[in-house]
Every structure is written in structure tokens, then in C-alpha cells.
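Presented below is the structure to which this report refers.
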Amino acid sequence: QVQLVESGGGLVQPGGSLRLSCVVSGFTFDRLYIGWFRQAPGKERERVSCMQSSKDNIAYKESVKGRFTISRDNPGNTAYLQMNSLKPEDTAVYYCAAEPEHTEGFLVLPCPSSERDYRYWGQGVQVTVSP
């Protein structure tokens, strides 16, 4: 059974930083895409960032570029989302998601953008950015 367990959320002032962690078990970690999504109250869930196992083809939502950094420790089965210069509009529940990598021959395709394409999900952590 695949499990994703997130941690690191909390309350932070604007301009502050948080680092989210996602520990994955039950699947070969270095064969997974990792995506970070968020859902604010009254809004749809949106992808914040994703990366494939080789750490290539990293994608970010435009509004977090330069502030958020996705990373992963493959031997440690852990993914991270470092969030700097946080803004009130970053307030949301953040989710870690995983999907087995899609390939064409030896080529690993870029990570999916839609939440529908990720089959494994964590429980979510609250991130609140407020004075």
C-alpha cells in the first residue's frame, strides 16, 4: 500500500518561510513523479510544482517561481517543497501527490499537470500566511 505523509505546515508571517516534507512508502520512490498541489478555501486544487525522479523537467506554477523550490531525496524516499517569501495568497492546504512515471521507450515524459493524473495522495497540511 502506497502511503504519502506530509509534514511541515503551519502559521507564518508574510515574507516568512516553511519547508514541507513528504515521506513516501510502499512504492519504488525513484520511479515516481512527485507533485505538490494546494487548495485554498472555495477554490479548485492546483498544481504548485512537480518533478520526475531524475530531477529533470521541474515545473512551477507561475506565481511561485523564484520563491518555491521542489526537491527530493531518492534514497530517503522523501520530497520537499521549500517555500520562501510567503504571501497571504499562498494560504491553502498543501498536498503531496505521486504517480508512477510515464515513459516512451527510454524517455520519461514530463510530470503531469492535472491532479487527475496522480493516483497517490497525502493527507494534506495547512499553510497559513498571516500577519
Side-chain angles (χ1 to χ4, degrees):
Q1 182 179 0
V2 181
Q3 288 189 317
L4 284 69
V5 179
E6 299 123 330
S7 61
L11 172 65
V12 64
Q13 293 185 342
S17 298
L18 285 173
R19 188 176 81 156
L20 305 182
S21 299
C22 174
V23 179
V24 180
S25 61
F27 201 96
T28 304
F29 186 73
D30 62 3
R31 294 293 183 267
L32 291 170
Y33 298 117
I34 292 294
W36 285 97
F37 290 75
R38 68 186 182 188
Q39 187 168 23
K43 295 187 176 181
E44 294 186 350
R45 190 153 54 182
E46 60 182 8
R47 192 189 71 176
V48 175
S49 183
C50 72
M51 71 188 304
Q52 60 189 50
S53 61
S54 68
K55 308 176 185 179
D56 296 328
N57 291 318
I58 294 174
Y60 292 100
K61 178 178 172 60
E62 191 64 34
S63 63
V64 308
K65 284 183 180 178
R67 301 189 297 121
F68 289 13
T69 303
I70 189 172
S71 62
R72 61 193 292 165
D73 170 16
N74 285 338
N77 293 349
T78 304
Y80 303 96
L81 184 68
Q82 176 67 43
M83 304 185 294
N84 298 329
S85 302
L86 283 160
K87 304 176 181 180
E89 52 264 42
D90 295 318
T91 295
V93 177
Y94 283 71
Y95 297 90
C96 175
E99 167 68 13
E101 291 182 328
H102 305 163
T103 60
E104 286 185 353
F106 293 105
L107 178 65
V108 177
L109 299 178
C111 47
S113 59
S114 172
E115 63 173 307
R116 294 186 296 273
D117 294 323
Y118 290 81
R119 72 187 72 181
Y120 306 118
W121 289 83
Q123 80 283 3
V125 291
Q126 178 69 47
V127 171
T128 303
V129 185
S130 180

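Computed from a predicted structure; not experimentally measured.
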Quiz item: Between R38 and E46, is a salt bridge (charged side-chain N to carboxylate O under 4.0 Å, His left out) present by the stated rule, with each step listed?
Solution: CA-CA 6 Å; R38 68 186 182 188; E46 60 182 8; 2.8 Å; yes

Please name the pair of heavy atoms, one in [X] and one in [Y], separated by the smallest distance, quoted to 0.1 Å.
X: V127; Y: L20; value: CG2-CD2, 4.1 Å
X: I34; Y: A98; value: CD1-CB, 4.0 Å
X: L109; Y: Y33; value: O-OH, 2.6 Å
X: A59; Y: R47; value: CB-NH2, 3.3 Å
X: I58; Y: I70; value: CG2-CG2, 3.5 Å
X: C111; Y: N57; value: SG-O, 4.0 Å

Is a side-chain donor or acceptor of [X] paired with a backbone partner of [Y] at a separation under 3.5 angstrom?
X: T128; Y: L11; result: no
X: E6; Y: G124; result: yes
X: R67; Y: S63; result: yes
X: T78; Y: V23; result: no
X: Y95; Y: Q39; result: no

Exercise. Run the salt-bridge test on R119 and E99 with the 4.0 Å N-O cut-off and return the result as yes or no.
Key: yes

Quiz prompt | Donor on one side chain, acceptor on other, E101 and T103, under 3.5 Å | solution = no

Exercise. Quick one: pull up CG in L18 and CD in Q82 and give me the separation to the nearest 0.5 Å.
Key: 8.5 Å

Quiz item: Got a sec, which pairs hit ring-ring contact (aromatic ring centres under 6.0 Å, His included) with one end in residues 106-131, sequence neighbours left out?
Solution: F37-Y118, F37-W121

Self-check item: Those residues that, when tested against Y80, pass ring pair (Phe, Tyr, Trp, His ring centres under 6.0 Å) (two or more places apart)
Solution: none

Quiz item: Does CD in E104 sit with more than 12 non-hydrogen atoms of other residues, nucleotides or ligands closer than 6.0 Å?
Solution: no

